[in-house]
Asks: 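Before I ask anything, here is the structure I am working with.
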Amino acid sequence: AGFCRAALRHQAAQRHSAARFQQFADASSDWFWEMDADLRFCWISDGLEKIYHVPVAGFLGRTRQELRASDGDEAAWDAHLADLAAHRPFRDFVYSTQRPGATRWIRASGVPIFAADGAFQGYRGAASDVTELMISQRAAAQANNRLADAVENLDEVFSLWDAQDKLVFGNRAFRRLCANLPEASAPGTPFETYLRARVKAGDVQGIAGREEAFIAHRLATRRTPNSAPFEVTRSDGIILRHHEQHLESGGIVSIWLDVTQLRQNEKALRESEERLALA
C-alpha cells in the first residue's frame, strides 16, 4: 500500500510538473523544441504555430539547416554545425528562415540529451523570433556605416578620443596630417603622447624654448569642457583652427579646420586698406 501511495504521488507530481511546464509554454513568447539523434525536429511546442500561424507539422522531420534561409553568414553556420556534430550545448544562435511573405530571424539555444549509457539522443531547447531586433540592429549598423563614411571623407581633420583621452578614430584627413607620426597617431594612443610627438617633430610654429609650457597649457585647455576654439600654425605655415567638443560619455571630438587661405585673404585685405589709407 505504501508503494502504491508513493507511485500515485509520483504520478501526480509528474502531471503537475507537465501542467506547469505547459502553462509556462503557453504564457511565453518563445517556443520549445526537441531534436532526435539525427538532429531532426521531432517535437515543437504550440508557441511556434501561434506566432507564425503555420502548422508545426511542417517543421517536423527536418533539420535546422533545411529550414534556414540563405543569409550569407557561413562562418556562424559552420561553428553551429560543429557544435551539433560534437554534441555540445549552444546558446543564442541566430539564423534566418524563410516564412510565408518574409524572412524571419530566430534565436535558439539547446542542450544535448544523453541516455543513461551515454548514448546521444538529441537536443532540447528553446527559440524565439528576434526579427524586429535584427531589423533595428541592421538599420542602426547601416546608419553608423553611413555616418562613418561621411566622417571618413570630410575635408576637415576629425578625431575621436575616449574617456581616458586615447585615440579611437581619426579620419583620412587626420591620417594625412599625421603621416609623419604613424606610431603616435595610432588608435589607442594617449593624447599627451600624440601631442608630445607633434611638438618633438617641430609641427608647431613659434614655441621654440617653451615647448613644455605649450604642452602644459594645451593639456589644461583640453580638460576644460567646451573651451573656445584656438588656432595653431604648423611649421609648414598651414594654420589650423581647432574645435573640441566634450561628449557625455567623457570622450572628446576634435575637428581641425584649415583656415590658411582665410587668414592670408584677411592679411591681404588689411595690407590693401593700409596702402589706401597712406595714399
Asks: Would you indicate whether the side-chain heavy atoms of Leu269 and Asn265 approach each other to under 4.5 Å?
Replies: no
Asks: Hydrogens and angles aside, do Asp149 and Asn145 bring a side-chain donor and acceptor to less than 3.5 Å of each other?
Replies: no
Asks: Only one of Leu177, Thr260, Val204, Asp258 passes side chain to side chain contact (heavy atoms under 4.5 Å, CB included) with Arg234; say which it is.
Replies: Leu177
Asks: When you compare the side chain of Ser254 with that of His242, does any pair of heavy atoms fall below 4.5 Å?
Replies: yes
Asks: Measure the shortest side-chain to side-chain distance between Leu84 and Tyr123 over non-hydrogen atoms and say whether it is less than 4.5 angstrom.
Replies: yes
Asks: Is any side-chain heavy atom of Asp83 closer than 4.5 Å to a side-chain heavy atom of Phe93?
Replies: no
Asks: When rounded to the nearest 0.5 angstrom, what distance separates CZ in Arg198 from CG in Asp203?
Replies: 4.0 Å
Asks: Is a salt bridge present between Glu74 and Arg68, judged by a nitrogen-to-oxygen distance below 4.0 Å?
Replies: yes
Asks: Can you tell me how far apart CD (Gln261) and CD1 (Ile238) are? Round to the nearest 0.5 Å.
Replies: 11.5 Å
Asks: If hydrophobic clusters are built by linking Ile, Leu, Val, Met, Phe, Trp and Tyr wherever their side-chain heavy atoms come under 4.5 Å apart, do Leu219 and Leu240 end up in the same one?
Replies: yes
Asks: For this output row, return yes or no: ring centroids of Phe59 and Trp43 closer than 6.0 angstrom.
Replies: no
Asks: Return the minimal non-hydrogen interatomic distance between Ala184 and Ala197, and the atom names on each side.
Replies: CB-CB, 3.4 Å
Asks: Is the distance between the ring centroids of Phe174 and Phe169 under 6.0 Å?
Replies: no
Asks: Determine yes or no for a side-chain-to-main-chain donor-acceptor pair under 3.5 angstrom, with Asn171 supplying the side chain and Phe158 the backbone.
Replies: yes
Asks: According to a hydrophobic-cluster definition based on side-chain heavy atoms being under 4.5 Å apart (Ile, Leu, Val, Met, Phe, Trp, Tyr only), do Leu39 and Phe114 belong together?
Replies: yes
Asks: Hydrogens and angles aside, do Arg104 and Thr131 bring a side-chain donor and acceptor to less than 3.5 Å of each other?
Replies: yes
Asks: Compare every heavy atom of Ser249 with every heavy atom of Ala163, then report the nearest pair and how far apart it is.
Replies: CB-O, 3.7 Å
Asks: Is Arg222 positioned over the aromatic face of Trp161, cation under 6.0 angstrom from the ring centre and no more than 45 degrees off axis?
Replies: yes
Asks: Looking at Cys42 and Met35, what are the two nearest heavy atoms and their distance?
Replies: SG-C, 3.8 Å
Asks: Under 3.5 Å, is there a donor-acceptor pair between the side chain of Thr103 and the main chain of Thr97?
Replies: no
Asks: With a cut-off of 6.0 Å (strictly less than), are more than 12 heavy atoms of other residues, nucleotides or ligands near CZ of Arg91?
Replies: no
Asks: Ignoring hydrogens and geometry, is there a side-chain-to-backbone donor-acceptor pair from Arg107 to Asp129 under 3.5 Å?
Replies: no
Asks: Are Tyr95 and Trp105 an aromatic pair, judged by ring center distance below 6.0 Å?
Replies: no
Asks: When you group the ILVMFWY residues by side-chain heavy-atom contacts below 4.5 Å and let the links chain together, are Leu48 and Leu60 in the same group?
Replies: yes
Asks: List the atom of Asp165, the atom of Ile252, and the distance in Å for their closest heavy-atom pair.
Replies: OD1-CD1, 4.2 Å
Asks: If we only count heavy atoms from C-beta on, is the Ile255 to Val157 side-chain gap below 4.5 Å?
Replies: no
Asks: How far apart are the closest heavy atoms of Ser45 and Val56, and which atoms are they?
Replies: O-CG2, 3.8 Å
Asks: Rounded at 0.5 Å granularity, tell me how far CZ in Phe41 sits from OG1 in Thr63.
Replies: 8.0 Å
Asks: Establish whether Leu81 and Phe90 are linked, either directly or via other cluster members, by ILVMFWY side-chain heavy-atom contacts under 4.5 Å.
Replies: yes
Asks: Look at Glu212 together with Arg196 and state whether they make a salt bridge at an N to O cut-off of under 4.0 Å.
Replies: yes
Asks: Do Ile106 and Trp31 come close enough that some side-chain heavy atom pair is under 4.5 Å?
Replies: yes
Asks: Compute both the distance and the angle, then confirm whether Arg64 meets the cation-pi test with Trp33: under 6.0 Å from the six-membered ring centre, within 45 degrees of the axis.
Replies: yes
Asks: Pick out which of Arg176, Arg172, Arg146 makes a salt bridge (Lys or Arg N to Asp or Glu O under 4.0 Å) with Glu152.
Replies: Arg172
Asks: Backbone N or O of Ala268 within a donor-acceptor pair of the Ser272 side chain at under 3.5 Å?
Replies: no
Asks: Determine whether more than 12 heavy atoms belonging to other residues, nucleotides or ligands lie under 6.0 Å from atom CD of Glu183.
Replies: no
Asks: Run the salt-bridge test on Arg218 and Glu244 with the 4.0 Å N-O cut-off and return the result as yes or no.
Replies: yes
Asks: Listed by chain and number, what are the side-chain contact (heavy atoms from CB on, under 4.5 Å) partners of Arg263, not counting sequence neighbours?
Replies: Glu231, Ile239, Arg241, Val259, Glu266
Asks: Can you list the steps and then say if Val199 with Phe214 is a side-chain contact (heavy atoms from CB on, under 4.5 Å)?
Replies: CA-CA 9 Å; Val199 171; Phe214 171 81; 3.9 Å; yes
Asks: How many angstroms lie between atom CG of Asp162 and atom CG of Leu160, to the nearest 0.5 angstrom?
Replies: 8.0 Å
Asks: Any chance you could measure Gln65, atom CD, to Arg40, atom CZ, to the nearest 0.5 Å?
Replies: 10.5 Å
Asks: Let me check something: do Phe191 and Leu167 share a hydrophobic cluster, defined by ILVMFWY side-chain heavy atoms less than 4.5 Å apart, either directly or through other members?
Replies: yes
Asks: Taking all atoms of both residues into account, what is the closest heavy-atom pair of Ala220 and Thr224, and its distance?
Replies: O-OG1, 3.1 Å
Asks: Can you tell me how far the CZ atom of Arg124 sits from the OG atom of Ser109, to the nearest 0.5 Å?
Replies: 16.0 Å
Asks: Flag the pair His243 / Leu257 as yes when at least one side-chain heavy-atom distance between them is below 4.5 Å, and no otherwise.
Replies: yes
Asks: Can you find a pair of side-chain heavy atoms, one from Lys166 and one from Thr189, that are under 4.5 Å apart?
Replies: no
